[in-house]
Amino acid sequence: MQSLAEKLNQLTPEELIKLTSGADFWRSTAIAKAHIPSFRMSDGPNGLRYQAGEGDALGINDSVVSTCFPTASAIACTWDPELVAEMGRAIGLEARSLKVDMVLGPGINIKRNPLCGRNFEYFSEDPYLAGMIGAAWIKGLQSQGVAACLKHFAGNNQENDRLLSDSLIDATALHELYLEAFRIAVQTAQPEGVMCSYNKVNGTYASDNAYLLTDVLRHQWQFKGTVVTDWGALNNKVASLNAGTDLEMPSSHNMFDQQALAALKAGQLKPKALFRAAGNVARLAETPRPEFKGNRQDLLAKNGQLAQKIEEHAAVLLKNDDQILPLQPTQKLLVVGQMAAETRYQGAGSSHINPPAHTSILKGLTKAGIAYNYQQGYDFTNETAGQLTAAAVTAAKKAQTVVVVAGLPENDESEGFDRQNMSLPVNQNVLIDRLAAVNPNIIVLLVAGAPVELPWLAKVKGLLNLYLGGQYVGDAAAAILTGKVNPSGKLAESYPAAYQDVPSAEIYDQNPRSVGYAESVYVGYRYYEKAKQPVAFPFGFGLSYTTFKLSDTKLSRDHIQAGQSVDVTVNVTNTGHWDGAEVVQVYVGNSPKRALKPLKELKGFQKVFLKAGETKSVTITLPTHAFSEWNDEQQRWQLPTADKFVIVGISSAETLPPLVVQTVGKPLADNPQLPTWYITPIGKPSLVDFTKMSGLTVQSPIIPRPGQYTRLNTPRELGTHSLIVRKVAEIVKKNMTKGISDPNSPEAKFMETIVMDTPLIRLAQQSSGKLSLTLVDKLVAVANRHYFKAVFGS
Ligand code: BGC
């Protein structure tokens, strides 16, 4: 048997280059002569979107039946890595049952702003929680012999203009917040793949970013796997290989091979980089993957049960006044809301799954034997539906308890574009207000992938947040409502009271192409706490049908040096009458006077199950890293000399008094130039202060005019001045949305952004040869009003 090195040595430069580009939409390239096979990839993070055949021509929603688990924003609320690992194992088995070698997930980008259209697919605003949940998912999946591809590396925190945006992030926020989740997942779980994102980070496309891909990922974190581009994220073939990208996906049908070959000859493409990339692709392809020997139908049935169990552990009980929940069996119950009958259970885009079954909330209640009356109350079109509302209000007057199922309609949340605001559709808010005016016993079930404003919060007694709960969300909701399951989910993100309270509210999406992360490390609870900004619900919060108490916190030491760790021991008691689970959360805090340092940051947690009346002692170990800070000059984490605090709680806001730990390391240096906002972040950050703090400058939007267009512009941009380009784009769009019946559906909107907002060169790359570079250049020339040159070639 030849070694991999021997195989690579017998390949020509052309063949090596070929290996670094996909064969089609989902497969890497095989080289028969050297017995290098190809490997098969498939989305995604909450179940498989397996498209039979070679391409994506089937459309985003057509895929082989697979289990639809709750989406990431729900999964993270379990705060239960073992359960998440079980989900990873389940997806791994389904992957093998379809001969998939690599699953494109998990996505662990930080939720910087609640409007990011893809937040449902991400875990948390906190890097420790996101990293640990992501690591558990990867370990579970890879334990089945299937490769994970951790995504989207890095700084991909918005959907609008994601192919052209430049995320400008200062070094502290980059390492302590945005990269930290990836670091934890890479070092804890060693994913076989990492997917680089579409956007630029500090001026350089992620695919060309040597700092991120080589210095940080491979050198600092010792990543040994394969870097795959997001689909169409390759910016420059030669630069990307030199920077650390290994595999370009999907296939560009060798569009850049000649360029790479010429660069190799000219010494611009480093032979070592080409060998590394080809080697990493070939190694992944050669890795033996176990054959699935079970019965796929049995597996789907079993995984469906697991999907329900995860949602039961994920749903977050946010309010339960007068213990309105669980429901009493004799209650006269009214259920209201179109979302109760047509319950959303997943988001839109590349993670969309075609499940074998689905239960709506109504179906779940019926299956659980709960008697209820139903009123639609509103419809998803957001028309102020006078009659529907009036009928629900009349029915509510006669009911003892009203369960309103509210949430974001499908069109509001998707990969490819951001939400426009944080509110629920107006007709739902109006309805809840009117129901609360006639009935004091209102329970709201919330169905959305991300936080929404809750203007009626004070008027309702119960609030259960289901997020997007997977195929059996209805069964899980019924189990919690009836008390068969005691809720134990905890928020993995803060729930701001209003969008205006979000630290990035004034700058998010102002200029999506040049994005100053002006709030730096002050994201989520890191901001709300230091800014003293009240929230609707804090990070880590979630109620139970029972109550818990923490007591007797002890630390194994009160000072540490590099290499040492601190054991935090605390007693947790179930003080109520139900068996249930609590999450012990350990934060490390900083003095309020410290610049760019939040008051507290999550560094450890454990979910503990306790019988009614039971007490358990929990020990959580904080390694040196939990007290360390990023030193950008030295490019490493370092323990400072400082007073730090260990804070134990059951949410970020409900904690025991802090305990001091002195850390002995590098003396702290003052930076008198630093704008004071970065010490005390009251109000909103300014871009002027951001530039002073980081040296990074946000660019003004550039609106290209005829004469300035290049291959890097999008059809939308070219189309503003060219009827011909508009017409061509229309034809392409029509073609791509052929199978989609509803033009307002999220799939149609997603496809629209793919066609209209992708730079022409990248559209060509992904067009399976249908859009040639020659045609691209003609379109550019036409838009530049160089008609003759375009048509006659001179
Ligand atoms: C998404 C990725 C996904 C890929 C393949 C891209 O548009 O950003 O998350 O894995 O498509 O479907």
Side-chain angles (χ1 to χ4, degrees), residues 22 24-28 39-64 66 71-72 91 95 100-109 116-123 134 137 141 147-165 182 191-199 205-207 226-234 247-252 346-354 414-418 449 736 746-747 749-759 762-763 765-768:
D24 56 33
F25 210 82
W26 297 116
R27 254 178 289 254
S28 72
F39 64 93
R40 174 64 151 96
M41 291 157 269
S42 190
D43 284 307
N46 53 303
L48 286 175
R49 182 172 73 95
Y50 178 88
Q51 297 201 303
E54 289 186 350
D56 197 36
L58 295 170
I60 210 90
N61 280 356
D62 290 303
S63 53
V64 170
S66 295
T71 74
I91 295 178
V100 167
D101 304 304
M102 177 185 255
V103 177
L104 305 174
I108 58 168
N109 297 76
C116 170
R118 214 171 177 182
N119 275 0
F120 70 87
E121 225 182 306
Y122 296 140
F123 293 125
W137 191 101
L141 183 97
C149 190
L150 179 67
K151 63 194 190 181
H152 307 89
F153 189 64
N156 183 186
N157 311 96
Q158 71 183 42
E159 285 300 288
N160 283 353
D161 243 337
R162 63 179 176 166
L163 279 101
L164 287 156
S165 64
F182 286 95
E192 288 187 55
V194 164
M195 182 189 287
C196 64
S197 54
Y198 288 117
N199 53 288
Y205 277 104
S207 62
T226 306
V227 173
V228 182
T229 67
D230 198 344
W231 267 230
L234 183 98
L247 177 62
E248 171 202 356
M249 285 304 293
S251 167
S252 61
Q346 64 174 329
S350 64
S351 66
H352 191 278
I353 292 150
N354 181 14
S414 172
E415 176 181 340
F417 53 90
D418 290 330
M736 285 183 68
E747 293 76 43
K749 277 162 83 181
F750 179 43
M751 283 300 180
E752 149 108 19
T753 67
I754 288 185
V755 176
M756 299 306 287
D757 298 322
T758 300
R762 301 207 203 166
L763 271 181
Q765 238 169 293
Q766 295 178 67
S767 69
S768 307

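Order of appearance sets the numbers: ligands from 1, and atoms from 1 within every ligand.
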Touching ligand 1 at all, Phe750? Heavy atoms, strictly under 4.0 Å? no

Nearest heavy atom to atom 9 (O) of ligand 1: which of Gln51, Arg118, Glu121 does it belong to? Arg118

Judged by modelled atom types alone, do Glu248 and Thr229 share a side-chain donor-acceptor pair under 3.5 Å? no

Nearest 0.5 Å, please: how far is CD in Glu121 from CG in Asn46? 7.0 Å

Would you say Arg162 touches ligand 1, if touching means a heavy atom closer than 4.0 Å? yes

Can you name the atoms of ligand 1, numbered from 1 with element, that are less than 4.0 Å from a heavy atom of Lys151? 2 (C), 3 (C), 9 (O), 10 (O)

Please list, in number order, the atoms of ligand 1 under 4.0 Å from a heavy atom of Glu415. 1 (C), 6 (C), 7 (O), 8 (O)

List every atom of ligand 1 that sits less than 4.0 Å from any heavy atom of Leu104, numbering the atoms from 1 in the order shown and giving each element. 10 (O)

Okay, side chain of Asp161, backbone of Leu164: is any donor-acceptor separation there less than 3.5 Å? no

Show which atoms of ligand 1 fall inside a sub-4.0 Å distance from at least one heavy-atom site of Met195. 10 (O)

Contact with ligand 1 for Met41, non-hydrogen, under 4.0 angstrom: no

Is Arg118 positioned over the aromatic face of Phe123, cation under 6.0 angstrom from the ring centre and no more than 45 degrees off axis? no

Nearest heavy atom to atom 1 (C) of ligand 1, choosing from Val228, Asp230, Asp43, belongs to Asp230

Would you mind running through ligand 1 and noting each atom that sits below 4.0 Å from a heavy atom of Arg49? 12 (O)

Report yes or no: does a heavy atom of Glu159 sit under 4.0 Å from some atom of ligand 1? no

Any Ile108 side-chain heavy atom under 4.5 Å of Tyr122 side chain: no

Can you name the side-chain contact (heavy atoms from CB on, under 4.5 Å) partners of Pro250, sequence neighbours left out? Phe25, Trp231, Gln766

Test of understanding: with side-chain contact (heavy atoms from CB on, under 4.5 Å), list the residues that count as partners of Ser165, not counting sequence neighbours. Gln158, Asn199, Val515

To which of Tyr198, Trp231, Trp26 does the heavy atom nearest atom 7 (O) of ligand 1 belong? Tyr198

Side chains of Asp43 and Lys151, heavy atoms from C-beta outward: is any pair under 4.5 Å? yes

